[in-house]
Every structure is written in structure tokens, then in C-alpha cells.
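Per chain, numbering begins at 1; letters A, B, ... match sequence-line order. Computed from a prediction, not measured in an experiment: that's the story for all the values here.
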Number of protein chains: 2
Amino acid sequence: MLFSKGCTYAIRAALLVAVKETREGRKFIPIRELADELDLSFHFLTKILQVLTEAEIMESFRGPNGGIGLAREANKISLIQIISAVDGMSLFSECALGLPDCGEAKPCPLHQSWSKRREELKRMFEKTTLATLAQDFSKNSFRN
Amino acid sequence: MLFSKGCTYAIRAALLVAVKETREGRKFIPIRELADELDLSFHFLTKILQVLTEAEIMESFRGPNGGIGLAREANKISLIQIISAVDGMSLFSECALGLPDCGEAKPCPLHQSWSKRREELKRMFEKTTLATLAQDFSKNSFRN
DNA sequence: CGGTATTAAGAGTCTCTTGTCTTAATATAT
DNA sequence: ATATATTAAGACAAGAGACTCTTAATACCG
Ligand code: SF4
Ligand code: SF4
């Protein structure tokens with residue numbers, strides 16, 4: 001799997017928040033509501049979203065009418081920011097084969113091709129924002 | 001991580017076998033020898049290589065002068081065959097975001113870009129064979 | 001035949017990821 | 001103040017992946 005479960009959950013939840021914020025004009029969405037609609041464990045999702053608030057991608061508010069919201073506009077939050085916060089960036093720097101002692105200095109025949117594709121993937125996640133995804137994601141695309 | 005540990009070990013071991021076969025003209029290489037040179041657990045490597053022999057990518061022979069060897073020429077064994085045998089092909093068919101209910105029929109803005117890169121990656125591993133890699137891999141590139 | 005080298009098979013262990021549960025902290029409303 | 005809604009934090013449990021160990025099967029050699 002390319003990303004951890006937590007990472008894909010984080011992306012789905014952030015996307016739902018983006019959709020709900022614009023569609024319903026609310027500032028904070030309770031995590032329980034997100035978990036219900038995404039059919040995910042509330043507690044697990046809570047923990048993952050704590051990582052996003054820690055990374056200042058989202059912000060949270062406790063108490064009644066509290067919940068979680070985007071820390072900035074949806075078009076300022078790229079997928080790479082979420083991926084980086086949850087899974088780290090090693091996917092985009094490590095080798096697919098995990099070999100040591102090699103790399104730029106002593107590349108195998110795969111190296112150029114691999115690092116190019118890795119870079120393309122990275123750029124794809126950099127330029128895709130929550131706004132990009134939210135624009136045509138209908139509500140029932142979220143459930144498992 | 002893109003691949004499981006077992007998968008990268010399988011690739012390294014198969015590559016070492018390819019190198020040793022051509023360089024030293026031996027037909028079977030003992031797994032112990034591979035494990036030592038790659039600094040991997042003998043028993044674990046044994047189990048992984050069993051998957052490759054099961055998949056008819058390698059063939060094994062027991063007893064003295066036994067070991068493991070490629071089941072066909074190194075240029076007939078592509079990385080995708082090894083990857084498919086050990087980790088399966090789900091990486092190349094599943095979505096990066098793991099969303100359901102979507103795909104070709106109802107693609108998100110990521111879909112086209114993602115499936116294109118996924119396809120390129122797959123083609124890269126299809127056309128890269130053990131022979132491709134073996135041609136310029138020096139012996140000390142194998143260790144961790 | 002008996003000893004040794006080697007892979008095959010499978011049970012067992014350790015560790016990391018994923019998920020659950022409980023308690024604490026904070027905010028609101030009455 | 002007290003009750004309630006909500007996130008924060010952390011202990012705990014279940015599962016999967018990674019690794020270890022033991023025993024069996026097979027092949028060779030003397
Ligand atoms: S040279 Fe090959 S094995 Fe080494 S890091 Fe590059 S792609 Fe990976
Ligand atoms: S439409 Fe988007 S989320 Fe769905 S499978 Fe394609 S890339 Fe993944």
C-alpha cells in the first residue's frame with residue numbers, strides 16, 4: 001500500500017471537512033460526525049486528526065459547537081502536506097528497491113526512471129489541494 | 001513503503017543469483033551464501049525464496065551442491081514478476097487514496113493523473129529485468 | 001547404509017500498525 | 001455551579017508483518 005490507513009483516513013476526513021465547510025458554511029465539524037459519515041472509528045480518527053492539528057493543517061475547538069476545521073483555505077492545503085504530516089516524506093526520497101550504497105553517486109539502471117516517476121508523483125500530490133478534490137466530490141463517495 | 005521487506009529482499013537475492021550465475025557459472029547457489037552476503041536472516045530469506053520457486057521464477061535443489069537458481073534466463077525475469085509473486089499487484093490497481101465508489105465511472109480530479117503514473121510505474125517494472133540490473137551492479141552494492 | 005548438506009514446512013516470537021477504551025481537559029448553556 | 005458536548009491524551013488490545021527456530025524431506029557422498 002502506498003500510504004498508511006491513517007493517512008488515507010486523514011485525507012478523506014480533511015476532504016469531507018472541506019466539502020462541509022463550503023457547502024454548509026460551518027466553521028467546526030465534530031469528529032464524531034465525520035467518523036459516522038466515513039464509517040471510521042471515532043477514536044482512531046480523533047488521534048489521526050490530532051496529528052493534522054499539530055501540523056497546523058487543521059484547527060480544533062472543544063466543547064459544544066466545537067469540532068475540527070481547516071486551518072486555512074482549502075486551496076492552500078495540498079495532499080502532500082497531509083501525507084507529509086501523517087506518513088512522512090520517505091516514500092519520495094527512498095529507493096523502491098531499498099538498496100543501500102547506491103543512488104545518485106552510483107545509480108543502477110532503474111535509478112533515473114524511478115527517481116523521475118517519484119518526482120512526478122510528488123508533484124502531483126503537491127499541486128492537488130483539498131479544493132481541487134472537493135470541487136466535484138459528491139457526498140456518497142466517502143463511505144467504504 | 002512501496003514494497004514489503006520480503007519483496008525487496010526477494011529482488012536483491014534474485015539479482016545476486018543472476019550476478020553469481022553469470023559471473024561464476026554456477027547453476028545453484030545455496031541460500032545460506034546469499035543470506036550471508038546480503039546480511040539477511042537465512043530462514044526468512046528461505047521462506048521468501050520459496051514463494052519465488054512456487055511462482056516458477058526460481059528453481060531449487062536440495063542436498064550438497066544444491067541451492068537456488070533462476071528458472072529461466074535473467075533477461076526473461078522482470079521485476080514485476082517478482083513483485084507480483086511476493087506482494088501481489090494491488091499497488092497497480094488500487095487507488096492511492098483508497099476511496100471506494102469511485103474510479104473510471106466516477107473519477108475524482110486525481111484519477112487521471114494517478115492512473116497514468118501508476119501505469120508508468122508498472123511498465124517500468126515490467127521492462128526492467130534481472131539482466132538489466134545485473135549488468136552494472138557491483139558486488140558491494142548489495143549489503144545493508 | 002549412515003552422515004552431511006541443503007531446501008521445505010510450519011510453529012512460535014517480536015514488533016509495528018491499527019483500532020478500542022478510559023480518563024482528563026476545555027468550552028458552552030442553563 | 002452543574003450538566004453536557006466536545007477534543008486531548010494515553011493505556012490497552014488485536015492484527016499483520018517481519019523474523020526465528022525446530023523438524024521434516026531430499027539429495028549426495030563415502
Ligand atoms: S541506484 Fe537503483 S537501487 Fe539504488 S537508489 Fe537508485 S533506483 Fe534504488
Ligand atoms: S477517482 Fe480519485 S479517489 Fe477514486 S480511485 Fe480514482 S484517484 Fe482514487
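- A distance-only check finds no donor-acceptor pair linking the side chain of B:Arg118 to the backbone of B:Leu91 [under 3.5 Å].
- A donor-acceptor distance shorter than 3.5 angstrom exists from the side chain of A:Arg72 to the backbone of A:Glu56, with no hydrogens or angles considered.
- For the pair A:Phe28 CZ and D:dA8 P, the computed distance is 11 Å after rounding to whole Å.
- When each of C:dG19, C:dA8, D:dC21 is scored by its nearest atom to the side-chain atoms of A:Phe44, the top-ranked nucleotide is C:dG19.
- Taking atom CZ of A:Arg26 as the reference point, atom C1' of D:dT6 lies 14 Å away to the nearest angstrom.
- Picking from D:dA8, C:dA8, C:dG10 the nucleotide with the shortest atom distance to the side chain of B:Lys47 gives C:dG10.
- Proximity of A:Ser4 to the phosphate of C:dT17: no side-chain N or O atom is located under 4.0 Å from OP1 or OP2.
- Between B:Ile48 atom CD1 and C:dA9 atom C1' there is a gap of 15 Å when expressed in whole angstrom units.
- OP1 or OP2 of D:dC19 sits under 4.0 Å from a side-chain N or O of B:Tyr9.
- Taking NZ of A:Lys116 as the start and CE of B:Met124 as the end, the distance is 11.0 Å to the nearest 0.5 Å.
- Between the side chain of B:Thr53 and the backbone N or O of B:Gln50, at least one donor-acceptor pair lies under 3.5 Å.
- C:dT23 atom P lies 12 Å from atom NE2 of A:His43, rounded to whole Å.
- Between the CE atom of A:Met1 and the P atom of C:dC16 there is a distance of 18 Å, rounded to whole Å.
- Distance A:Lys5 NZ to C:dC16 C1': 14 Å, rounded to the nearest Å.
- With DNA chain C read from its 5' end, the first of the two nearest nucleotides for A:Phe3 and B:Leu49 is the one closest to B:Leu49.
- Backbone-only contact: A:Ile31 has heavy atoms under 4.0 Å from sugar-phosphate atoms and none from a base.
- Contact annotation: B:Ser41 does not reach the phosphate of D:dC19 (side-chain N/O to OP1 or OP2, under 4.0 Å).
- Using bins of under 30°, 30° to 60° and over 60° for the plane-to-plane angle, the ring pair A:Phe3/A:Phe125 lands in the perpendicular bin.
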(request) Treat primed atoms plus P, OP1 and OP2 as sugar-phosphate and everything else as base, then score nucleotides 24-30 of chain D 5' to 3': B for base contact with protein heavy atoms under 4.0 Å, S for sugar-phosphate contact only, - for none. (result) -BBBSS-
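- When rounded to the nearest whole Å, the span between CG of B:Leu45 and C1' of D:dC21 equals 16 Å.
- In this structure, CD of B:Glu59 is placed 16 Å from C1' of C:dA8, rounded to the nearest angstrom.
- With values rounded to the nearest 0.5 angstrom, B:Ile29 atom CD1 is found 10.0 Å from B:Ile68 atom CD1.
- Side-chain nitrogen and oxygen atoms of B:Ser60 include at least one within less than 4.0 Å of the OP1 or OP2 phosphate oxygen of C:dA8.
- A:Glu54 CD: 12 or fewer foreign heavy atoms inside a 6.0 Å radius.
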